[in-house]
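Note on naming: letters A, B, ... go to the chains in the order of the sequence lines (proteins, then strands), and numbering restarts at 1 for each one.
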2 protein chains.
Amino acid sequence: MKAWSKICSECAARNATLCRVLDPQELARLNHASFRRWYSAGQAIGGIAAFDGRCATVVAGVMKLSKALSDGRQQIVALLFPGDLLGRPYCAEFPYTVEAATDVLLCWHGRADFDRLLVLRPDFNRAFLQRALDSIDAARDWMLLLGRKTALERVATLLLTLLQKTSYCCGDHQPSQDKILTIPLTRLEMADFLGLRLETVSRQLKLLEASGAIKRLDTRRILVLVADSLTHAAGPDESGESIASATAASAHR
Amino acid sequence: MKAWSKICSECAARNATLCRVLDPQELARLNHASFRRWYSAGQAIGGIAAFDGRCATVVAGVMKLSKALSDGRQQIVALLFPGDLLGRPYCAEFPYTVEAATDVLLCWHGRADFDRLLVLRPDFNRAFLQRALDSIDAARDWMLLLGRKTALERVATLLLTLLQKTSYCCGDHQPSQDKILTIPLTRLEMADFLGLRLETVSRQLKLLEASGAIKRLDTRRILVLVADSLTHAAGPDESGESIASATAASAHR
DNA sequence: CGGCCGTTTGAGTCACCTCAACCACGGTGG
DNA sequence: CCACCGTGGTTGAGGTGACTCAAACGGCCG
């Protein structure tokens with residue numbers, strides 16, 4: 001494992017973080033008020049209200065946020081990659097179950113300093129807002145998947161999403177173009193993210209392999225042979241709801 | 001129909017809007033830079049990039065945001081009620097199809113003035129941020145529904161949600177406790193919101209009626225007879241993922 | 001009256017779920 | 001070194017909830 005610097009300016013996730021917008025002085029101050037901690041895979045973070053308005057940045061690894069019904073049905077609602085922010089400022093409650101999917105290094109920010117930046121630094125504030133809005137878009141994209149896509153499309157979409165996320169995030173990945181995807185989730189977690197059962201996920205992966213799009217190296221690693229084929233399996237494009245009410249009339253449903 | 005004042009301080013949606021936090025002076029200024037416009041049910045708003053960073057407040061009626069695949073499959077990702085904000089500041093793109101579900105009155109805000117408030121007024125900024133974060137929560141709640149709930153649970157949940165939303169929003173509703181719910185959606189729209197087919201929605205409503213929880217007055221209006229029964233049909237509580245790994249061991253799945 | 005639209009109802013099908021067996025791998029201890 | 005076990009993954013057989021297709025209904029409007 002790399003040497004994980006405690007210095008913000010040397011942060012492994014620096015380019016992807018919110019903190020990027022800060023000047024050296026601000027950064028030093030935030031650095032002083034932050035601390036880092038490792039969580040091992042599967043470890044959950046605190047009780048329900050353990051956040052108490054504090055935020056943390058994912059430096060390495062993948063976190064998962066999930067919601068559950070009391071009968072055990074569970075839905076993963078977000079994955080957080082290096083550079084992503086965890087928590088909700090101003091708000092004691094953080095209504096999700098937070099768990100490390102892989103081993104994770106978090107950088108916890110001092111609440112007072114973080115809130116201060118939000119108020120005093122417009123660019124920081126705006127970057128934060130941008131993130132929040134992006135999270136909305138991501139959640140809504142996934143709503144489309146959960147509500148309307150088939151099992152095969154869901155699995156293919158997940159693989160593509162992971163491929164994209166891990167390619168420019170500074171995980172434990174080779175920066176090379178080898179197209180080996182290391183899935184940070186178990187089959188059960190994939191299922192909980194996709195609104196499927198783990199058996200179904202397994203079967204769809206088999207189908208994708210049979211179609212020649214991928215090759216399963218081991219349970220966690222997948223060699224992407226034909227990315228286009230994956231894209232195709234992921235279903236039709238999202239339509240920007242073209243102006244063409246002409247096409248809509250015939251093609252609609 | 002009421003007389004819809006053009007004066008912000010007399011706005012029908014005032015108590016639910018962002019603008020609530022503004023002082024009279026700011027309000028007057030924003031008022032000056034805003035204009036109101038009616039959209040009839042079913043009407044779509046502009047082309048894809050018609051927003052161009054501008055925002056609008058829903059004053060009356062219900063808007064829907066949806067995403068679609070190019071083969072016609074569609075998912076409604078959000079409903080906007082009076083007081084809710086529409087659009088995305090700083091960003092030309094607004095990646096949703098925006099349509100009026102009912103007749104809707106929008107109050108369009110001047111971009112410059114709106115952005116200025118966002119920067120200069122911390123309370124306004126914070127209120128906006130709060131909204132965005134609430135939208136994330138709402139989308140993720142719905143992800144749980146789409147990924148894990150049964151058809152009956154979905155329909156019941158929708159009815160409860162609508163009941164709650166319309167009860168304290170200043171729609172065309174009686175403020176009384178009569179428990180008559182006027183659904184602002186067609187069956188097809190309900191289906192597109194719930195990730196179901198319209199026939200399925202219809203059948204589940206029939207089941208709910210057979211169980212005595214509701215009575216269908218006409219296609220749009222529903223008399224809620226036993227709200228508890230609806231709540232029960234909506235499925236088990238969301239668990240705050242209790243500390244009890246003890247219960248989890250047995251009850252989990 | 002006739003046509004249209006949104007809705008309801010029915011009958012049959014299928015994609016995904018359920019249940020269960022089996023397998024591969026890694027760690028543990030005799 | 002190997003028997004044992006636990007965990008996570010795969011595979012199979014059968015079931016079912018929601019979908020598909022189709023027909024009929026009822027209110028509305030010309």
*When rounded to the nearest 0.5 angstrom, what is the spacing between OH in B:Tyr96 and CD1 in A:Ile136?*
7.0 Å
_Test applied, side chain to side chain contact (heavy atoms under 4.5 Å, CB included); reference residue, B:Val58; option that passes from B:Leu105, B:Leu79, B:Leu80, B:Leu85_ = B:Leu80
*Scan B:Gly195 against the nucleic acid and name what it touches under 4.0 Å (heavy atoms): base, sugar-phosphate only, or nothing.*
sugar-phosphate
*For the pair made of CD1 in A:Ile183 and C1' in D:dG8, what is the distance, rounded to whole Å?*
13 Å
Using the 3.5 Å cut-off, write out each protein N or O paired with an N or O of nucleotides 23-26 of chain D and the distance between them.
none

*Rounded to the nearest angstrom, tell me the gap between atom CG in A:Leu196 and atom P in C:dT18.*
11 Å
_What I want to find out is whether B:Arg220 reaches B:Asp218 closely enough, with some N-O distance under 4.0 Å, to be called a salt bridge._
no
Nucleotide N/O to protein N/O under 3.5 Å, stretch nucleotides 5-15 of chain C:
residue, atom, partner, partner atom, Å
C:dT7, OP1, B:Arg187, N, 3.3
C:dT7, OP2, B:Arg187, N, 2.9
C:dT8, OP1, B:Arg187, NH2, 3.1
C:dT8, OP1, B:Arg216, NH1, 3.0
C:dT8, OP2, B:Arg187, NE, 2.7
C:dT8, OP2, B:Ser202, OG, 2.7
C:dT8, O5', B:Ser202, OG, 3.1
C:dG10, N7, B:Arg203, NH1, 2.9
C:dG10, O6, B:Arg203, NH2, 3.2

*Rounded to whole angstrom units, what separation is found between the CE atom of B:Met190 and the C1' atom of D:dA18?*
16 Å
_Heavy-atom closest contact (A:Ala78 atom, B:Arg140 atom, distance)_ = CB-NH2, 3.5 Å
*asked:* I need the CG-P distance between A:Leu146 and C:dC16, as an integer number of Å.
replied: 13 Å
*asked:* With a 4.5 Å cut-off on side-chain heavy atoms, are A:Lys215 and A:Glu209 touching?
replied: yes
*Interatomic distance, A:Lys67 atom NZ to B:Glu238 atom CD [nearest 0.5 angstrom]*: 4.0 Å
*Tell me: CZ of A:Arg221 to P of D:dG9, nearest whole Å?*
15 Å
*Heavy-atom distance under 4.5 Å between the side chains of A:Phe51 and A:Leu86, does that happen here?*
yes
*asked:* Any non-hydrogen side-chain atom of A:Leu225 less than 4.5 Å from a side-chain atom of A:Ile214?
replied: no
_Rounded to whole Å, please give me the gap between CZ in A:Arg197 and C1' in D:dT11._
18 Å
*For the pair made of CD in A:Gln204 and C1' in C:dC16, what is the distance, rounded to whole Å?*
9 Å
*When the distance from CG of A:Leu217 to C1' of C:dC25 is rounded to whole Å, what number comes out?*
16 Å
_Value rounded to 0.5 Å, distance of CZ in A:Arg187 from CG in A:Asp192_ = 13.5 Å
